[in-house]
Amino acid sequence: MKPSKKYLKGKVVLVTAGPTRESIDVARYISNRSSGKMGYALAKAAGDMDARVILISGPTSLPPGPAHTKIVRVETASEMLKAILKNIKNADIFIMAAAVSDFRPARHAVQGKIKRTKGPILLKLKPTRDILKAISKKEGLKKNLIKVGFAAETGSLMSRAYQKLKDKGLDVIIGNDISRKDIGFENDFNQVYIINKDKTFIKTKRLKKELIAQRIILYLLDKRN
Ligand code: CTP
């Protein structure tokens with residue numbers, strides 16, 4: 001299959017990208033190293049194949065995004081979940097490439113700025129909601145919706161990624177090793193395992209994220225047919 005062909009004409013592809021941010025006070029937040037590049041590349045690859053793309057993006061410094069893409073900008077995990085729920089009903093493919101913050105401050109963000117102290121201060125965190133798990137319980141979605149997640153791992157990649165696929169009710173999970181400096185977070189390259197719920201998988205080469213994105217979309221199309 002050629003990546004430039006209009007395989008996704010008439011299809012809606014919903015992609016999330018980038019990190020989320022959870023405010024501590026007016027100046028500080030908790031976030032992670034996601035650049036958003038993988039999610040933006042997926043949005044572009046789907047757009048190039050003529051899909052109607054909705055990109056829900058956490059804060060990134062990337063240019064506004066591919067042409068013909070509706071961009072919804074969010075900051076927190078909870079805003080991301082709301083935006084997904086609003087946009088997922090017509091989706092044929094849903095790809096959760098965002099690196100959602102797993103924790104947020106237990107208290108609401110402090111008004112103003114927490115002042116410097118001489119001694120240590122304690123920051124109590126509580127878990128954010130698992131967005132994919134929440135979506136897996138959602139009714140009224142398209143019957144053939146393909147749900148795809150990412151697994152950011154530092155060891156036992158295959159088994160942990162597959163466990164996440166099961167726990168989060170996914171069809172496919174993209175496993176990547178975030179302990180490597182030459183791929184993944186803040187990098188233009190990636191090397192991934194595309195793992196299917198039937199336990200078959202494909203290991204890609206280390207490639208530019210644009211090419212990884214094309215491979216992922218073509219894989220999804222291939223599996224659907
Ligand atoms: N994810 C999510 N909601 C969260 C955290 C993660 O929907 N609150 C999604 C991510 O977007 C990704 C998948 O779950 O598609 C796996 O994310 P990952 O960070 O690898 O795993 P976690 O579920 O956060 O578990 P852990 O950090 O313990 O590995």
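As the structure lists them, so they are numbered: ligands from 1, and atoms in each ligand from 1.
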Peer 1: Judging by distance only, is a nitrogen or oxygen of Val100 under 3.5 angstrom from one on ligand 1?
Peer 2: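 No, Val100 has no N/O under 3.5 Å of an N/O on ligand 1.
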
Peer 1: Would you check whether Ala152 reaches within less than 4.0 Å of ligand 1, judged by its heavy atoms?
Peer 2: yes

Peer 1: To check your reading of the model: name the closest protein heavy atom to atom 16 (C) of ligand 1, its residue, and the distance in Å.
Peer 2: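 Result for atom 16 (C) of ligand 1: Phe150 O, 2.8 Å.
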
Peer 1: Using a strict threshold of under 4.0 Å (side-chain N to carboxylate O), is an ion pair present between Asp25 and Arg28?
Peer 2: yes

Peer 1: Who's the nearest protein heavy-atom neighbour of atom 7 (O) of ligand 1, and how far?
Peer 2: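 Going by distance alone, atom 7 (O) of ligand 1 is nearest to Leu132 N, 2.9 Å.
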
Peer 1: Applying a strict under-4.5 Å side-chain criterion to I, L, V, M, F, W and Y, I'd like to know whether Leu165 and Leu145 cluster together.
Peer 2: yes

Peer 1: Does NZ or CZ of Arg33 fall inside the cone over Phe185's six-membered ring, less than 6.0 Å from its centre and within 45° of the axis?
Peer 2: no

Peer 1: Just let me know how Asp102 lines up against ligand 1, side chain, backbone, both or neither, with a heavy-atom cut-off below 4.0 Å.
Peer 2: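 Looking at Asp102 and ligand 1, just side chain atoms fall under 4.0 Å.
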
Peer 1: Are Lys197 and Asp171 ion-paired here, with the side-chain N under 4.0 Å from a carboxylate O?
Peer 2: yes

Peer 1: Tell me whether Arg129 has any N or O atom under 3.5 angstrom from an N or O of ligand 1.
Peer 2: yes

Peer 1: Looking at atom 29 (O) of ligand 1, tell me if a protein heavy atom falls under 4.0 Å from it.
Peer 2: yes

Peer 1: Of all the atoms in ligand 1, which lie at a distance below 4.0 Å from a heavy atom belonging to Asp130?
Peer 2: 2 (C), 3 (N), 4 (C), 7 (O), 8 (N)

Peer 1: Mind checking whether Leu14 and Val53 sit in one hydrophobic cluster, side chains of I, L, V, M, F, W, Y counted as touching below 4.5 Å?
Peer 2: no

Peer 1: Is the contact between Lys168 and ligand 1 made by the side chain, the backbone, both, or neither, using heavy atoms and a 4.0 Å cut-off?
Peer 2: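 Only the side chain of Lys168 comes within reach of ligand 1.
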
Peer 1: Counting only pairs under 3.5 Å, give me each side-chain donor-acceptor contact of residues 119-132, with atom names and distances, residues two or more places apart or in other chains.
Peer 2:
residue, atom, partner, partner atom, Å
Thr128, OG1, Ser101, O, 2.7
Thr128, OG1, Asp102, O, 3.4
Asp130, OD1, Leu132, N, 3.1
Asp130, OD1, Lys133, N, 3.1
Asp130, OD1, Lys168, NZ, 3.4
Asp130, OD2, Lys168, NZ, 2.7

Peer 1: Does only the side chain of Arg160 get under 4.0 Å from ligand 1, or the backbone, or both, or neither? Count heavy atoms.
Peer 2: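 Neither part.
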
Peer 1: Atoms of ligand 1 less than 4.0 Å from Gly149 heavy atoms?
Peer 2: 15 (O)

Peer 1: Taking only heavy atoms of Ala151 into account, list the atoms of ligand 1 that are under 4.0 Å away from them.
Peer 2: 20 (O)

Peer 1: Indicate if Ile88 and Val13 have the same hydrophobic cluster label, given that clusters are the connected sets of ILVMFWY residues with side-chain heavy-atom separations under 4.5 angstrom.
Peer 2: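 Result: no, two separate clusters.
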
Peer 1: Please confirm whether the backbone N or O of Asp182 pairs with a side-chain atom of Arg206, one donor and one acceptor, at under 3.5 Å?
Peer 2: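 Present.
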
Peer 1: At less than 4.0 angstrom from any non-hydrogen atom of Ile131, what atoms of ligand 1 do you find?
Peer 2: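 With Ile131 as reference, the close atoms of ligand 1 come out as 2 (C), 3 (N), 4 (C), 7 (O).
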
Peer 1: For ligand 1, is there an N or O atom under 3.5 Å from any N or O atom of Ala99?
Peer 2: no

Peer 1: Whether the side chain of Gln191 engages the backbone of Thr204 through a donor-acceptor N/O pair (distance < 3.5 Å, no angle test) should be reported.
Peer 2: yes

Peer 1: Of the protein's non-hydrogen atoms, which lies at the shortest distance from atom 26 (P) of ligand 1, and what is that distance?
Peer 2: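 Answer, as residue, atom name and distance: Lys164 NZ, 3.9 Å.
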
Peer 1: Do Ser34 and Asn32 get their side chains close enough for a donor-acceptor pair, meaning under 3.5 Å?
Peer 2: no

Peer 1: Do you know which of Leu42, Val172, Ile174 makes side-chain contact (heavy atoms from CB on, under 4.5 Å) with Ile95?
Peer 2: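 So the option named by the test is Leu42.
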
Peer 1: Strictly inside 4.0 angstrom of atom 19 (O) of ligand 1, do you find any protein heavy atom?
Peer 2: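 False for atom 19 (O) of ligand 1.
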
Peer 1: Compute the shortest N/O to N/O distance between Ala97 and ligand 1 and return yes if it is under 3.5 Å, no if not.
Peer 2: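 Between Ala97 and ligand 1 (N or O atoms, distance only) the closest approach is not under 3.5 Å.
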
Peer 1: Find all atoms of ligand 1 within a distance of less than 4.0 Å from any non-hydrogen atom belonging to Thr128, and give their numbers and elements.
Peer 2: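 This gives 8 (N) as the contact atoms.
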
Peer 1: Considering both backbone and side-chain atoms of Ala98, is one of its nitrogen or oxygen atoms within less than 3.5 Å of a nitrogen or oxygen in ligand 1?
Peer 2: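 Yes - when backbone and side-chain N and O of Ala98 are compared with those of ligand 1, one distance drops under 3.5 Å.
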
Peer 1: Give a yes or no answer on whether the side chain of Thr16 reaches the backbone of Ala97 with a donor-acceptor pair at less than 3.5 Å.
Peer 2: yes

